[in-house]
Each structure stands twice: as C-alpha cells, then as structure tokens.
Amino acid sequence: MIDLRLLRTQPERVRTAMARRGSAELLAQLDETLHLDERAREIVARRDAIRARVNDLSKQVGQLRKAGDANAAESLQAESRILGDEEKGLAAEYDDVQGAVRDLLLRIPNVPHDEAPDGTSDHDNPVVKGPFGLLDDYPAHQRVPHWETATALGVLDNERATKISGAMFTMQRGLGATLSRALCQYALDTNADAFEEIRPPSLVTTATLTATGQLPKFADDAYAIERDDLWCIPTAEVPLTSLYGGEVLDEAQLPIRMMAYTPCYRREAGSAGRDTRGMLRAHEFDKVEILAVTTPAQGAEMLIELRDRAERLISGLELPYRIIEICTGDMGQSHHRSFDLEVYAPGCDNWLEVSSVSWFSDYQARRADIRYRTAGEKGTQIANTLNGSALAVPRVWAAIMENHRQPDGSVSIPTALRPYMRGATSIPAAS
RNA sequence: GGAAGGAUGCCGGAGUGGACGAACGGGACAGUCUCGAAAACUGUUGAGGUCUUCUGGGCCUCCGUGGGUUCGAAUCCCACUCCUUCCGCCA
C-alpha cells in the first residue's frame, strides 16, 4: 500500500509520480481515495465524539448506582441508549467508507522511484549493463531450440508431463532433472555467505498473499485451494516477505537477508498459448529467491547487492546476459524500482528473463505490517522489502541446453554446476 | 478426526460487569548515592487512529480474531483461529 498520509499531505507529488505509470484510471483512483478518506475522517470524528459522551455518561451511571440514586442513573442510561443508536449508525457508515478506502488502497500501485526510467511498455526498458558473452555469430548446432534437443537427449519429457497434469507442465528426467536440482543448490550455496536458508510453506493464507500484492487484484493468476482457503505460492517472495509480518523488529537486526528454494505455481491466465513449448513458461517451476528486509535508507544499496548476486550466478554459468531496468510503464504493481536479468538463448533466438530484482520501498511492508524500532526512539517505522530471483530454474536450464550444446549434440555442464551433478560433466549425445 | 485446558503489556502473571491501558514481580531505561561499579531507593517504560491554538494537549480504539448482550465488557454470550495435553490416524 502507498502511504495514505503522503497522499493526503502531498497529493500533487503522488499524482505526478503516479502519472509516470501512464494510467488515467489510476489518477482517478487517487482522487476517489482522497475524497473517501476525507469523508471517513469526518464520520469518525463525529463517532468518536459520541463515544466520548457515552463513556462519560457510563461513568456517571456507575457513580450514581453506587450512591444509590437509581432514578438519576436511569435517566442517564436512557440518554446514553439514544446516543448509542446514533453511534451505531455512524460506526456502520464509517466501516463502509473505511472499507472502500482500503479496497482502493490495495489496488493502487507503488510510487515509482525518481530514478526509474520513464516509458510506456517493455520496449522502453533500457539496457543498463551488458550484453556480456554474446557471440556475433552462432554456429548451427546452437541454433536448435532446447525443446527439440533436450527431448531428443531424453532429459525433457513434456509429452508425459502433459499426460499427467495437462498443458504447460514440464518434466525433466535423468541428468535433466539433476541439472534442475543442481541449479538450485548452486544458487543457494553461492549466497549462503550472507543469506539464511529458509524452507517455507508453499501454501499460504489469503492474508499472506495479500501482503505481497498478488491479492486482491491478481487473484486469477494464482492457484486457489478453496476448500481450505489456501493459495499456492507463485514465488518464495510471498512466504518470505510475510515471515516477519505483524512484528516489530529492532533496527539493529536490519538488514535481514533470507533465501529459499521453493516450487512456484502460476496459472498464467493471461498467457495461454504463449511460450507453450519447452521450458519457457510453465504452471509449476523451481526457483531460488533472495530477499531482504531493510530500513528505507538501506534499500538503494541492497537493490544493487541483490542485482550483483543474481548477476554473479548467471555469469558463473557462462551464459550470455544483459541487465535491463524496468521503466515506469512496465513496472509491477508493488515495485518501486526493478531490474531484470536476461539470458540469450540462441536456439529460441530470444532474450529470456531469468531474474527480476526489485525494491518495494515500504509498499509490501505496510501491507504485511513489518515495522522496526530504533533504539532510544519512540514509536515504530515501516520497513522496506526487496527481493530477487537468485535463479529461476527452467529458463536457465533452457539457456544451458542451447548455449552449451556441442557440435556432436551433447551438452556440456558448466563447471560451476559439476559439483552437484554426481560426476557428470556433460549430457551425452543420444546414441 | 475426538476430548480437555488455554490465549492479557518486553517477559512472567493477576484481574469474572463500573475510573482497567490494566495489580504485582522481572527486565530495560533515567536519576539519587558512589572515585567508579554493585546493592538500595525514586521515577519512566506498548501500539494505532484522529483533531489541534502542536518542542505540548484533547478525544477514540486495541487484553487471540470477528460478532453479540449492556448505560458501561479484559470480565457475560456466540462463532472462529492458534497453542498445550490425551486418544485416534499418519510420511
């Protein structure tokens, strides 16, 4: 959620910043929020005044009863009863208006960072680093898409995955399955110097999925287990961000760094029919996420740390990559500033998004109610959250299949992964 | 899945309808004492909202969550959640 108080006190500043996202509807929402908020405050002031009067009368009733003056008590009670009815009406009205404000607030996106580039779509995302390792010319044996080569090598079996679970599910076998797991372990081990490894639940409550911003607006993108009112996580960001939800941390604890491997579940409601082949898009995939809870002041530096860590993983796999920054028109709802890492896959002839690193300012933390206290100071402050995919397995897997394919059809395992491959140094060509 | 008990402030723990934002103890912080420290003594010590004539003050809310009863609820009633113990089942 954005800071309602900021919207109230500096509406023009918020409006200007939000305008950069390029949505006229959004500006109307801001106005409506402001308007409803004003009404809510007016109602609550009247409600509280009545409550104060009722509280006062009740105290007097107590004293009169003690003193044995039943008649006087009765008459005050009657007065209080009438006030009570009035209060009930105002309270209901307040709950309605306040609820409407909250509904709006939950759907209003984050304010973009000042330095985030302007733009209207993903075409306007500037390349800020790289490309690195990109060849001028790719030989023919690398120009074959991974779904063909990997299937032929027996390490990808999407046909049977579909038989078991339906469209857009994938299955890796043999060294292909081992490679998936190796990528996870590589990502976890590489970041273990500073990040605590967590194995969180993959099923979360509605409240948890609301905290990170997926609900209420993007309910169609998530798998729901309605009978138990649980949701499958689309990313480890969801449970990790809410890990300290509702808690007040000591500033000295910050920044908190965590990482987790989890499966990720996405309905891909808007992308049916897109990227249906191979490993580019699936309903279920593996990912290692790195995440930080910081003070607002630590945010900018942490964003770069997470980005550097994601970059280190990719460059360690000897893959051609570049880093782009997401422009205001292409930014996700919760994002304050974000970068994507893209890997070039010569077989698909495409840049694949393999990591997204984002700073959420206090947007998620306000929803999740993650606060911190500075020693010696009164009150609490809302934390900042950041996260990044350390490594999203399927697309990296695909990029390895295409970039590391040898002229004989085998696929060489990047050195960094070999410790996790039970001695295998390559996926041998089909005989 | 069945049964019983429980949920109160930073922690422990009282409180079963009237001045309770909450006794008492511990912790933490500040002061007194001291060369300094310990001990002792004194004081302070939750969060959120809103208004304001704003280095302050007023009012409202919060005792697991949500409803209800009442002039008045931590306290009574209902539902739910979570925890503990026992039984059953189980990777």
Side-chain angles (χ1 to χ4, degrees), chain A residues 1-11 33-106 199-211 225-231 239 242-254 263 362 365-383:
Chain A
M1 276 187 287
I2 60 163
D3 183 1
L4 181 56
R5 200 163 309 189
L6 182 73
L7 177 62
R8 233 183 246 162
T9 53
Q10 303 183 49
T33 306
L34 225 31
H35 169 72
L36 285 174
D37 172 55
E38 201 174 322
R39 243 185 80 201
R41 279 184 293 152
E42 186 236 319
I43 296 165
V44 83
R46 285 196 279 149
R47 187 202 65 181
D48 284 354
I50 293 176
R51 280 189 181 176
R53 178 78 183 133
V54 168
N55 286 344
D56 187 48
L57 286 175
S58 298
K59 281 177 190 172
Q60 291 182 41
V61 169
Q63 283 165 344
L64 288 170
R65 292 240 175 244
K66 236 175 228 168
D69 191 346
N71 284 347
E74 292 280 351
S75 96
L76 290 189
Q77 279 176 225
E79 186 186 341
S80 187
R81 206 171 301 141
I82 292 164
L83 286 171
D85 290 342
E86 197 180 336
E87 191 265 356
K88 221 170 240 178
L90 284 172
E93 200 181 336
Y94 173 71
D95 288 348
D96 283 354
V97 178
Q98 190 56 35
V101 169
R102 189 178 160 77
D103 285 349
L104 274 166
L105 235 30
L106 284 175
R199 183 32 267 235
S202 318
L203 264 37
V204 297
T205 62
T206 298
T208 301
L209 202 64
T210 304
I225 301 170
E226 289 181 47
R227 187 165 65 165
D228 298 295
D229 191 26
L230 289 169
W231 302 77
S242 285
L243 206 116
Y244 291 107
E247 297 188 28
V248 180
L249 306 162
D250 288 329
E251 185 178 6
Q253 290 175 262
L254 304 177
D362 59 5
R366 182 172 290 108
R367 285 168 167 247
D369 189 24
I370 306 167
R371 290 173 293 161
Y372 68 92
R373 196 190 317 273
T374 304
E377 280 180 29
K378 279 201 97 102
T380 58
Q381 285 177 276
I382 296 172

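Chain naming here is simple, since letters A, B, ... match the order of the sequence lines and numbering starts at 1 in each.
In this structure, A:Glu377 and A:Gly62 both approach RNA chain B, and ranking their closest nucleotides by distance from the 5' end singles out A:Gly62. Each of A:Asp56 and A:Lys378 was assigned the nucleotide of RNA chain B with the nearest heavy atom; the assignment lying further toward the 5' end belongs to A:Lys378.
At the phosphate of B:U50, neither OP1 nor OP2 sits under 4.0 Å from any side-chain N or O atom of A:Arg41. Within the structure, a side-chain polar atom (N or O) of A:Arg5 is placed less than 4.0 Å from OP1 or OP2 of B:U50.
Stem regions annotated for RNA chain B: B:1-7 with B:81-87, B:10-12 with B:24-26, B:27-32 with B:40-45, B:46-52 with B:56-62, B:64-68 with B:76-80, counting only runs of 3 or more consecutive pairs of Watson-Crick or G-U type with both contacts under 3.5 Å.
Side-chain proximity of A:Val54 to B:C71, B:C60, B:G48: nearest is B:C71. In this structure, the nucleotide among B:C71, B:U61, B:G46 sitting nearest to the side chain of A:Arg373 is B:G46. When the nucleotides B:G18, B:A47, B:U50 are ranked by their closest atom to the side chain of A:Ser58, B:G18 comes out on top. The side chain of A:Arg371 sits closest to B:A47 out of B:A47, B:G18, B:U61.
A:Ala45 comes within contact range of no nucleotide atom at all, as no heavy-atom separation falls under 4.0 Å. If you check every strand for non-hydrogen atoms under 4.0 Å, A:Val61 touches a base. Counting non-hydrogen atoms under 4.0 angstrom, A:Arg8 reaches the backbone sugars and phosphates but no base. The residue A:Gly379 sits close only to the backbone: its heavy atoms come under 4.0 Å of sugar-phosphate atoms, none of a base.
With a 4.5 Å cut-off on side-chain heavy atoms, A:Arg39 and A:Glu93 count as touching.
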Between A:Glu87 and A:Arg53, is a side-chain contact (heavy atoms from CB on, under 4.5 Å) present by the stated rule, with each step listed?
CA-CA 10 Å; A:Glu87 191 265 356; A:Arg53 178 78 183 133; over 6 Å; no
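Here the side chain of A:Arg366 pairs a donor or acceptor atom with the backbone of A:Met1 at under 3.5 angstrom.
B:U44 and B:G26: their P atoms are spaced 16 Å apart (whole Å). Rounded to whole Å, the C1' atom of B:G88 lies 11 Å from the corresponding atom of B:A3.
Here the closest heavy-atom approach between residue A:Val54 and residue A:Gly84 is recorded as CG2-N, 4.5 Å. Minimum heavy-atom separation, A:Tyr244 to A:Leu249: CD2-CD2, 3.7 Å.
A:Arg41 and A:Asp37 are joined by a salt bridge, as a carboxylate oxygen and a charged side-chain nitrogen come within less than 4.0 angstrom of each other. With salt bridges taken as basic N to acidic carboxylate O contacts below 4.0 Å, none links A:Arg373 and A:Glu377.
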